[in-house]
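Taking it in order: structure first as structure tokens, then the write-up.
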2 protein chains.
Amino acid sequence: MAVADEDGGASARPKRADAVRNQQTLLAAAAEVFVTSGVDAPIREIAKRAGVGMGTIYRHFPTRADLVVAVYRHQVEACAEAGPALLAEEESPFTALERWVDLFVDFLVTKHGLADALRSDSGGFEALHAYFLDRLVPVCGQLLDAAVGAGEARPGIEPYELMRGVGNLCVGRDDDSRYDPRRLVDLLLRGLRGTRSSS
Amino acid sequence: MAVADEDGGASARPKRADAVRNQQTLLAAAAEVFVTSGVDAPIREIAKRAGVGMGTIYRHFPTRADLVVAVYRHQVEACAEAGPALLAEEESPFTALERWVDLFVDFLVTKHGLADALRSDSGGFEALHAYFLDRLVPVCGQLLDAAVGAGEARPGIEPYELMRGVGNLCVGRDDDSRYDPRRLVDLLLRGLRGTRSSS
DNA sequence: TCGTAAATGGAACAACGCTCCGCTTCACTT
DNA sequence: AAGTGAAGCGGAGCGTTGTTCCATTTACGA
């Protein structure tokens with residue numbers, strides 16, 4: 001749900017099925033490549049990963065910013081939907097939270113690259129950021145409440161605080177192998193769990 | 001004075017004369033190109049403008065950041081030295097201030113590009129920024145005081161404030177022809193001069 | 001004046017962005 | 001089911017840029 005048709009509204013002509021399929025494939029492939037190679041990854045690489053030609057990418061996303069924004073929205077949606085799913089399938093709410101944060105970090109890599117790719121249209125960026133908060137903070141809160149409720153996490157932390165903290169840990173790294181944000185985030189979560197004996 | 005030899009200290013071997021000449025030429029040429037084409041200007045273009053080969057640039061400045069930083073320092077120095085010089089050669093202190101601000105805006109183009117080219121080494125950037133303030137604020141103050149003293153500018157504005165204002169007017173433009181910071185700066189200075197009749 | 005090491009220039013290679021067009025595949029009509 | 005128009009696709013090819021490398025030139029000390 002929620003993702004609907006990604007279309008402006010009533011489409012004059014329904015898009016061809018293969019086109020829609022390719023668009024989804026591209027979004028997924030681009031997301032993967034962005035994580036490993038950054039948002040400046042060569043178009044060829046994304047095309048190869050998706051198993052399509054470069055022309056297809058340019059057809060769907062004329063500029064790099066278009067592609068990054070699309071991936072961004074796609075990721076926000078996936079992240080939001082993954083929250084309840086993880087909560088349902090995981091035994092421990094805290095483990096669900098951990099896995100969700102991991103997805104969230106993947107997403108942040110794209111998000112930070114976005115700021116670079118979009119410095120021209122800063123208005124549109126603000127809008128996306130607002131959308132991002134509206135959509136994700138409640139999900140994070142749901143996971144956090146569950147973990148706190150199960151006695152697996154210390155209370156007193158707001159969802160926005162946690163997301164902001166994780167986000168800040170992920171800034172500033174640029175193909176710098178000396179700094180791995182994920183390790184720091186891991187520490188942060190370990191702290192959130194607190195001393196196990198306290199429960 | 002002040003520029004000294006740009007060298008770490010006692011050089012074991014004096015550099016060859018043509019090498020230092022070329023280095024100066026490159027600094028000047030790069031500064032010009034940065035203003036017109038941004039800090040991402042092709043190396044070839046800078047080389048051509050300086051009348052040297054590309055190899056020469058890579059010899060003096062292995063990475064683009066090295067070049068940008070060198071230009072940055074060079075510009076700070078030039079700006080600082082230009083202050084008193086303009087004050088001496090111009091009839092009106094306010095005109096001197098105007099011309100100085102114009103140089104300052106040129107310099108800001110480089111400065112802003114610097115932030116992008118240096119996102120990795122943010123520590124070094126802070127150091128440069130401090131150097132920049134220490135060196136330039138007094139010069140700006142000197143010009144400002146002169147203009148105020150001559151009754152050509154309203155009092156009550158601190159040098160740091162003025163520089164900050166001009167600096168802020170110059171952010172955010174990226175080959176966007178709709179926004180010309182220089183026009184805005186001109187307005188700001190017009191406001192600083194105030195109503196001519198007040199003197 | 002002469003030898004040598006520093007310095008130079010630009011050809012050459014690699015990687016990338018973007019365009020363009022012949023071919024493929026879909027969706028709709030009859 | 002078969003035909004048909006066009007939407008969609010792939011990737012070769014062109015232009016641009018970063019970076020290296022080395023034959024040649026040039027400055028400086030002896």
Side-chain angles (χ1 to χ4, degrees), chain A residues 5-8 10-30 33-34 36-71 113 116-118 120 174-175, chain B residues 5-8 11-30 33-34 36-71 113 116-120 174-175:
Chain A
D5 58 357
E6 198 83 28
D7 201 327
S11 332
R13 308 195 201 130
K15 280 183 186 171
R16 267 173 51 170
D18 56 345
V20 184
R21 229 180 7 250
N22 270 325
Q23 181 141 345
Q24 293 301 318
T25 306
L26 271 174
L27 251 32
V33 173
F34 284 167
T36 61
S37 308
V39 285
D40 288 329
I43 299 288
R44 278 176 233 270
E45 187 180 342
I46 300 173
K48 198 166 76 176
R49 166 91 66 146
V52 304
M54 291 182 305
T56 305
I57 295 190
Y58 280 101
R59 171 174 304 275
H60 286 297
F61 310 101
T63 78
R64 184 178 290 270
D66 291 330
L67 175 58
V68 178
V69 168
V71 169
D116 300 353
L118 239 62
S120 50
D174 257 330
D175 71 354
Chain B
D5 58 357
E6 198 82 28
D7 201 324
S11 332
R13 310 199 197 126
K15 280 184 186 168
R16 266 171 53 169
D18 57 344
V20 293
R21 233 191 350 261
N22 269 325
Q23 181 141 344
Q24 293 301 318
T25 306
L26 271 174
L27 252 30
V33 173
F34 285 167
T36 61
S37 307
V39 285
D40 289 329
I43 299 290
R44 277 176 232 273
E45 188 180 342
I46 301 173
K48 197 166 76 173
R49 167 91 65 147
V52 304
M54 292 180 302
T56 304
I57 295 190
Y58 280 99
R59 168 173 302 273
H60 288 296
F61 311 101
T63 77
R64 184 178 290 271
D66 291 330
L67 176 58
V68 178
V69 168
V71 170
D116 300 353
L118 239 63
R119 203 168 305 121
S120 50
D174 257 330
D175 72 355

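Each chain gets a letter, A, B and so on, in the order the sequences are listed, and its residues count up from 1. Not measured: the values here are computed from a predicted model.
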Any side-chain heavy atom of [X] within less than 4.5 Å of one from [Y]?
X: A:T36; Y: A:R49; result: yes
X: B:R16; Y: B:R21; result: no
X: A:D66; Y: A:H60; result: no
X: A:F61; Y: A:V69; result: no

Can you check whether B:N22 has a side-chain N or O nearer than 4.0 Å to OP1 or OP2 of C:dT8?
yes
Please report, rounded to the nearest Å, how far the [atom2] atom of [N] is from the [atom1] atom of [X].
X: A:R44; N: C:dA14; atom1: CZ; atom2: P; answer: 14 Å
X: B:R64; N: D:dG18; atom1: CZ; atom2: C1'; answer: 8 Å
X: A:E45; N: D:dG11; atom1: CD; atom2: P; answer: 16 Å
X: A:I43; N: D:dG10; atom1: CD1; atom2: P; answer: 15 Å
X: B:D40; N: C:dG17; atom1: CG; atom2: C1'; answer: 15 Å

Can you name the nearest heavy-atom pair linking A:A29 to A:I46, along with the distance?
CB-O, 4.3 Å
Sugar-phosphate means primed atoms, P, OP1 and OP2; the rest is base. With that split, encode nucleotides 24-30 of chain C 5' to 3' as B, S or - using protein heavy atoms under 4.0 Å.
-BSS---
Determine, step by step, whether A:L67 and A:F34 satisfy the side chain to side chain contact (heavy atoms under 4.5 Å, CB included) criterion, reporting the C-alpha distance in whole Å, the side-chain angles of both residues, the deciding distance to 0.1 Å, and the verdict.
CA-CA 11 Å; A:L67 175 58; A:F34 284 167; 4.2 Å; yes
When rounded to the nearest 0.5 angstrom, what is the spacing between CZ in A:R44 and CD1 in A:I57?
11.0 Å
Test side chain to side chain contact (heavy atoms under 4.5 Å, CB included) on A:N22 and A:R59; report intermediate values, then the result.
CA-CA 11 Å; A:N22 270 325; A:R59 171 174 304 275; over 6 Å; no
Of residues 46-62 of chain B, the positions that come close to DNA chain C - non-hydrogen atoms, cut-off under 4.0 Å
B:G51, B:V52, B:G53, B:M54, B:G55, B:T56, B:R59, B:H60
